[in-house]
Amino acid sequence: MISFYEILRRTEEGPHIDEREFDLKVVASESRRLVREYDIRFNREEIVTSDDSLADDVFKAGFELALKAGFLTVDSRRVIKLSEEEIKEGLRTAPGELLVGQGADARLLYARKVEDSRYPVIMGGQAGAPIPEEFYYQMAISYMQEPIVDTINNGGLAEVKGIEVRTRSPAEALAAMAELRYLREAARAAGRPGIHLLAGESSVTCIGDLAAQGEEFLRRTDAHLVPVLNDLKTDYDRLTKAFTFKIYGGFNVALVDPVVGGFLGGPEGVAVGFIASYLLSRVIYMSDYYIIHPIHPKYVSTSTPETMWVLNIVGQAMARNSNFILMGDVWTSNGAGSREVFYEIVANTVTNVATGSHPLGVSATNGKYPHASGLETRFMGEVARAAVKLKRSDANEIVKEFLKKYHPERMDRPDVGKPFPELYDMKTITPKGWWLKMYEEARREVMDIGLKLE
Amino acid sequence: MVKGGVSEEQLCKVLYKAIIDGDDAASEKAALDLLGKGYKALDIIKSCMVPAMKVVGDMFARLEIFLPEVMMSADAFEACMKHLGPKILEEERREFIKGKVVIGTIQGDIHDLGKNIVALMLKANGFEVYDLGRDVPVDEFIKKAREVNADIIAVSALLSTSLPYIKDLVKLLNELGLRDRFKLMVGGGAVTREWARKVGVEGYGEDAEEAVRVALKLLGKK
């Protein structure tokens with residue numbers, strides 16, 4: 001693999017290009033050409049597709065895009081280009097298995113295959129959400145005390161000791177450190193001191209990551225996010241995150257979250273862009289595992305037909321052609337405390353698990369409100385375990401069945417549910433009766449359609 | 001069009017189609033041809049160009065076309081405006097332009113895709129848009145809004161850690177005694193309707209379509 005220093009050199013000496021030209025003449029134009037050339041088509045009737053050749057074509061197109069485009073470094077307007085051999089080396093050396101976490105709480109993260117019958121690793125938490133400090137700790141426990149939850153990716157702190165966390169202020173460092181202290185303490189309280197954390201979400205720049213490297217914060221058995229900027233871009237801040245955390249010895253996780261309808265185009269172009277982003281971030285960020293997070297331009301959620309199709313085809317393309325470990329996000333429009341949040345979870349989770357990803361969530365209300373809890377993540381885990389028995393064609397029928405229950409009406413007017421303290425008893429950290437009853441009803445509804453929950 | 005005639009109608013259709021197709025050379029040529037035939041610049045804009053951009057906006061909302069196509073249509077529109085703009089009288093301009101919007105992604109946030117979409121949709125719906133880009137310091141919004149005599153300052157934020165800077169903007173506008181001079185609207189992944197109301201921002205758009213509706217409503221226009 002090429003070194004950090006070589007990557008850095010390319011940010012300074014790579015081909016110079018105007019950002020607009022990169023967006024339009026490289027990303028937009030090439031993704032369209034490749035979608036046409038490989039005849040990649042989104043089919044809303046087949047959200048979980050059984051077409052292996054389509055998945056392979058998406059992979060080939062993505063490889064070509066990676067080679068053609070590279071990552072634009074926004075600060076220098078220079079492109080970090082990789083050769084075919086460098087991309088292939090990234091593919092060859094990708095870890096297909098990672099032992100994450102410590103001691104009895106360690107888990108083996110592995111590259112899932114299509115229709116993989118092994119239980120997926122469940123990553124729980126309201127990823128990406130700003131969570132009030134008043135109940136951050138209790139909410140974290142609500143996830144960690146669920147035996148089905150293997151690893152944690154919770155949101156960040158919106159405030160620390162009453163001070164709002166703002167980009168590039170010292171509050172980012174303080175908040176990231178406070179977040180990790182709460183998570184560590186919650187892990188001990190839940191009896192899982194070694195649980196793997198994908199964390200440091202209180203800080204968006206590298207400030208938090210730099211501040212929170214250490215045994216009492218982010219351990220070497222933990223991970224942090226290194227986002228790819230949309231589309232196919234990076235900057236010095238993201239590279240600082242990637243380089244320093246790698247040297248520290250932790251896991252880099254590439255977050256790729258393009259908007260459907262953006263420069264990459266529709267679901268087809270976005271799928272191609274995902275593959276390119278993964279192949280490039282493997283080498284440029286030295287990523288260990290990867291998050292699939294397509295964004296819907298109207299609803300944001302990963303549970304729309306377009307975004308689930310992307311999750312499906314990207315998962316299959318990577319599972320069939322690489323050893324990359326993928327986490328498929330479960331971001332719902334509806335919030336915990338609503339019935340519809342369960343419907344979104346079923347469709348989204350079944351899609352992820354049948355097509356080569358581990359599920360990550362539930363980020364209810366798309367992470368806008370702290371209306372989330374461990375209970376709906378337990379449900380996600382149960383659905384995920386049941387989904388390992390599904391063929392893709394059966395998964396597709398279930399996805400379509402549940403999609404009808406919330407799309408589009410309950411996405412246009414979502415029920416955002418209730419904040420964590422209204423869902424759980426804050427002293428015992430157990431779900432309130434009405435919320436538990438709603439969960440049990442949702443379980444029955446799932447079993448009625450033939451999905452056998454444990 | 002004010003003047004009739006098949007060929008002029010056809011020419012308007014050519015311009016209309018060229019804008020939808022994002023063909024700036026063909027758009028420019030068609031607009032110049034219409035000007036050459038004696039048509040008023042404002043009529044060309046209102047009858048051929050604005051309806052075309054409306055179609056573009058609607059197609060994007062239905063995901064039939066994507067951001068690059070919208071950008072190309074906006075470029076074609078701008079290419080025509082280079083010639084037509086100077087020929088519009090100020091009072092005609094006021095009739096045609098729905099309002100002036102200064103837009104940008106707030107300081108501390110480098111995500112601009114959503115903001116770009118909103119900016120293009122505002123343009124498509126007849127607003128004069130001044131896009132300051134991303135990671136824009138609070139005082140830059142105010143400086144530009146004063147310079148162009150804007151009606152609206154529109155601010156986008158994807159990251160929750162950039163929200164405090166929007167509060168800074170509201171505060172600074174108040175301190176400078178300018179809060180009543182500009183309407184404020186916000187949007188983006190980190191912003192909620194409740195938060196906007198709480199910090200004293202009158203306009204909130206959940207998505208680009210709502211942003212246009214809100215901008216029109218803020219200025220009392222349909």
Side-chain angles (χ1 to χ4, degrees), chain A residues 20 23-25 27-29 31-32 42 74 128-131 155-159 163-169 171-172 175 201-205 208 227 229-231 233 235 237-238 257-267 269-270 295-300 306 365-369 416, chain B residues 22 59-72 74-75 105-118 120-121 131 133-135 137-138 157-168 187-196 199 204-211:
Chain A
R20 187 180 160 92
D23 290 337
L24 293 178
K25 295 196 175 148
V27 176
S29 158
S31 65
R32 270 155 190 71
F42 162 58
V74 173
I131 298 167
L157 289 167
E159 291 185 353
I163 295 169
E164 284 184 307
V165 182
R166 52 172 79 204
T167 317
R168 297 191 203 106
S169 105
E172 277 203 279
E201 287 212 356
S202 304
S203 167
V204 295
T205 70
L229 301 176
N230 292 328
D231 292 307
K233 294 175 196 169
D235 64 5
D237 192 283
R238 286 349 90 162
D257 55 357
V259 180
V260 175
F263 291 114
L264 287 162
V270 165
I295 295 177
H296 191 276
K298 184 173 172 64
Y299 302 121
V300 181
E306 293 84 2
T365 72
N366 292 315
K368 275 204 170 189
Y369 304 93
V416 295
Chain B
M59 286 167 77
F60 178 71
R62 292 193 299 268
L63 278 182
E64 290 166 9
I65 58 169
F66 310 116
L67 184 60
E69 287 80 12
V70 182
M71 287 172 74
M72 285 160 72
D75 283 354
T105 304
I106 194 74
Q107 184 171 352
D109 205 330
I110 51 171
H111 297 84
D112 61 357
L113 207 81
K115 181 268 299 170
N116 292 343
I117 293 170
V118 172
L120 287 168
M121 293 291 273
D131 188 348
R134 60 192 170 212
D135 201 2
V138 165
L158 179 79
L159 304 170
S160 59
T161 50
S162 55
L163 291 181
Y165 294 105
I166 299 183
K167 284 162 87 173
D168 289 354
V191 189
T192 65
R193 209 175 293 279
E194 296 79 10
W195 183 87
V199 300
Y204 167 80
E206 182 79 24
D207 53 38
E209 279 179 83
E210 189 178 2

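The sequence lines fix the lettering, A, B, ..., with proteins before strands; numbering per chain opens at 1. When reading the values below, keep in mind they use all heavy atoms of this one structure, side chains included, and skip hydrogens, waters and symmetry mates. Keep in mind the model is a prediction, meaning the values are calculated, not measured.
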Is a side-chain donor or acceptor of [X] paired with a backbone partner of [Y] at a separation under 3.5 angstrom?
{"X": "A:Asp231", "Y": "A:Asp23", "answer": "no"}
{"X": "B:Thr161", "Y": "A:Arg166", "answer": "no"}
{"X": "A:Glu172", "Y": "A:Arg168", "answer": "yes"}
{"X": "A:Glu306", "Y": "A:Pro267", "answer": "no"}

Applying ring pair (Phe, Tyr, Trp, His ring centres under 6.0 Å), can you list everything that pairs with B:His111, at least two apart in sequence or on another chain? none
Among all residues two or more places apart in sequence or in another chain, which pass the side-chain contact (heavy atoms from CB on, under 4.5 Å) test with B:Asp207? A:Lys298, B:Glu209, B:Glu210
Contact between B:Lys167 and B:Val199 at the side-chain level, heavy atoms closer than 4.5 Å - yes or no? yes
Is there side-chain contact between A:Asn366 and A:Tyr299, with heavy atoms separated by less than 4.5 Å? no
B:Ile110 versus chain A, the contacting section by heavy-atom distance below 4.5 Å: side chain
Quick check on B:Val191 against chain A: is it the side chain, the backbone, both or neither that has a heavy atom closer than 4.5 Å? backbone
Please look at [X] and chain B and tell me whether the side chain, the backbone, both or neither of the residue comes under 4.5 angstrom of a heavy atom of that chain.
{"X": "A:Tyr369", "answer": "side chain"}
{"X": "A:Val74", "answer": "side chain"}
{"X": "A:Asp237", "answer": "neither"}
{"X": "A:Ser202", "answer": "backbone"}
{"X": "A:Val165", "answer": "both"}

Contact winner vs chain A - [options], heavy-atom pairs under 4.5 Å:
{"options": "B:Pro164, B:Ala190, B:Gly189", "result": "B:Pro164"}
{"options": "B:Arg134, B:Gln107, B:Met72, B:Glu206", "result": "B:Arg134"}
{"options": "B:Ser160, B:Ser162, B:Ala61, B:Pro68", "result": "B:Pro68"}

Specify which of A:Ala28, A:Ala129, A:Gly266, A:Ala158 makes the most heavy-atom pairs with chain B at under 4.5 Å. A:Gly266
